[in-house]
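Single-structure report; data block below.
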Amino acid sequence: MTVDPRQARTSAALRAALAGLLAQRPLDDISVAELCRAAGVHRTTFYRHADDVHRFAVTTLAGDLDALSDVSPASGDAEAASRAYLGALRDTFALLAERRVVYRALFASSARGAFRSVLVDAQRHRAHLALDYFADTGVPGVPDAGRDRSEAAAFIAGALVGVMDVWTREDDTDADAAAARVLALMPRWWPLRP
């Protein structure tokens with residue numbers, strides 16, 4: 001899919017403006033007009049991207065985190081797949097540390113529930129793909145397909161988003177240590193435990 005360069009520039013300007021404004025005040029206090037002024041974007045252009053500031057923030061910031069979770073492991077190697085998932089987890093915490101002000105503001109805003117819901121849905125999908133892959137490669141203990149696997153994916157996703165929420169409230173910047181702590185909390189059957 002080809003991305004329109006104008007849309008990409010507009011989105012980048014809005015993201016940068018949002019980050020700057022969030023460094024000064026809470027998300028709930030930022031209006032569309034103010035965001036547009038800061039980004040140098042007309043309001044009608046903004047409304048092509050989102051209905052309001054909260055939805056723009058939720059969609060954009062959740063999308064950034066989801067993109068880091070897109071792991072395509074080498075076929076048939078559960079150990080390599082698990083290392084790839086650990087790398088994606090490290091990258092996620094590194095992004096959270098880099099943009100902590102923005103993520104902290106979103107987790108603390110009135111859009112918190114919507115943001116967490118979008119993150120959990122995306123992470124549940126990613127966890128389900130990982131569980132399917134681990135089952136296909138013969139990892140022992142992976143929950144059976146169906147409800148058991150769906151519940152395991154939901155559990156992993158909800159826990160991960162909860163950790164992200166807590167971690168953004170702290171000032172820790174060690175993404176490797178955060179990823180290792182999350183990995184230590186994973187179920188016993190998850191490959192590549194510390």
Side-chain angles (χ1 to χ4, degrees), residues 1 3-70 88-128 153-179 181-182 185:
M1 181 172 115
V3 176
D4 181 343
R6 290 174 298 175
Q7 286 183 336
R9 282 191 302 273
T10 299
S11 182
L14 288 166
R15 286 167 179 253
L18 181 62
L21 291 169
L22 286 172
Q24 301 167 19
R25 67 183 150 289
L27 178 65
D28 294 338
D29 294 347
I30 299 171
S31 69
V32 170
E34 183 178 26
L35 178 60
C36 290
R37 273 193 306 276
V41 171
H42 195 275
R43 285 173 65 110
T44 57
T45 301
F46 171 84
Y47 287 118
R48 288 186 205 133
H49 292 266
D51 293 336
D52 57 41
V53 174
H54 286 97
R55 288 186 190 167
F56 177 76
V58 166
T59 303
T60 301
L61 298 173
D64 291 346
L65 290 172
D66 183 45
L68 292 175
S69 301
D70 186 12
L89 194 55
R90 285 181 185 135
D91 292 346
T92 297
F93 281 107
L95 180 66
L96 288 169
E98 177 186 324
R99 299 183 190 164
R100 177 164 269 129
V101 170
V102 174
Y103 285 104
R104 185 180 281 168
L106 192 50
F107 274 122
S109 75
S110 63
R112 177 177 194 258
F115 184 55
R116 284 182 64 104
S117 179
V118 169
L119 286 179
V120 167
D121 285 349
Q123 293 303 315
R124 183 173 49 240
H125 172 72
R126 301 289 184 198
H128 214 295
F155 178 81
I156 290 167
L160 180 56
V161 172
V163 170
M164 290 177 185
D165 187 350
V166 168
W167 201 71
T168 59
R169 295 174 199 212
E170 301 170 355
D171 293 325
D172 185 3
T173 58
D174 190 344
D176 289 335
R181 285 192 306 273
V182 167
L185 295 170

What are the two closest non-hydrogen atoms of [X] and [Y], and how far apart are they?
X    : Y    : result
F46  : L35  : CE1-CD2, 3.8 Å
V163 : F93  : CG1-CZ, 3.8 Å
M164 : T92  : CE-CG2, 3.5 Å
A175 : R90  : CB-O, 3.5 Å
A62  : V118 : CB-CG1, 3.4 Å
A38  : L21  : CB-CD1, 4.1 Å

Practice prompt. Before accepting this row, confirm whether a basic side-chain N of the pair R100/D172 lies closer than 4.0 Å to the acidic partner's carboxylate O.
Written response: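 Not counted as a salt bridge, because no side-chain N and carboxylate O are separated by less than 4.0 Å.
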
Worksheet item: Under 4.0 Å between a Lys/Arg side-chain N and an Asp/Glu carboxylate O for R126 and D66?
Response: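 Answer for the salt bridge query: yes.
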
Discussion item. Would you say that more than 12 heavy atoms from the other residues, nucleotides or ligands in this model lie under 6.0 Å from the OH of Y47, or not?
Written reply: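 Result for OH/Y47: enclosed.
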
Worksheet item: Is the closest side-chain heavy-atom distance between R99 and D64 below 4.5 Å?
Response: yes

Worksheet item: Going by heavy atoms in the side chains, are L160 and L119 under 4.5 Å from each other?
Response: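 Counting from C-beta outward, L160 and L119 never come under 4.5 Å.
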
Distance (rounded to the nearest 0.5 Å) between [X] [atom1] and [Y] [atom2]:
X   : Y    : atom1 : atom2 : answer
S31 : R37  : OG    : CZ    : 6.0 Å
H42 : R48  : NE2   : CZ    : 9.5 Å
L89 : D176 : CG    : CG    : 10.0 Å
Q24 : I30  : CD    : CD1   : 8.0 Å

Exam field: side chain [X] to backbone [Y], donor-acceptor pair closer than 3.5 Å:
X    : Y    : result
T60  : A57  : no
R104 : E170 : yes
S117 : A114 : no
Y103 : L61  : yes
T10  : R6   : yes

Worksheet item: Given the rule in the side-chain contact (heavy atoms from CB on, under 4.5 Å) test, do L27 and H54 qualify, once you have shown the distances and angles that lead to the verdict?
Response: CA-CA 7 Å; L27 178 65; H54 286 97; 3.5 Å; yes

Discussion item. Set out, in order, the CA-CA distance, both residues' side-chain angles and the distance that settles side-chain contact (heavy atoms from CB on, under 4.5 Å) for L22 and L106, then state yes or no.
Written reply: CA-CA 9 Å; L22 286 172; L106 192 50; over 6 Å; no

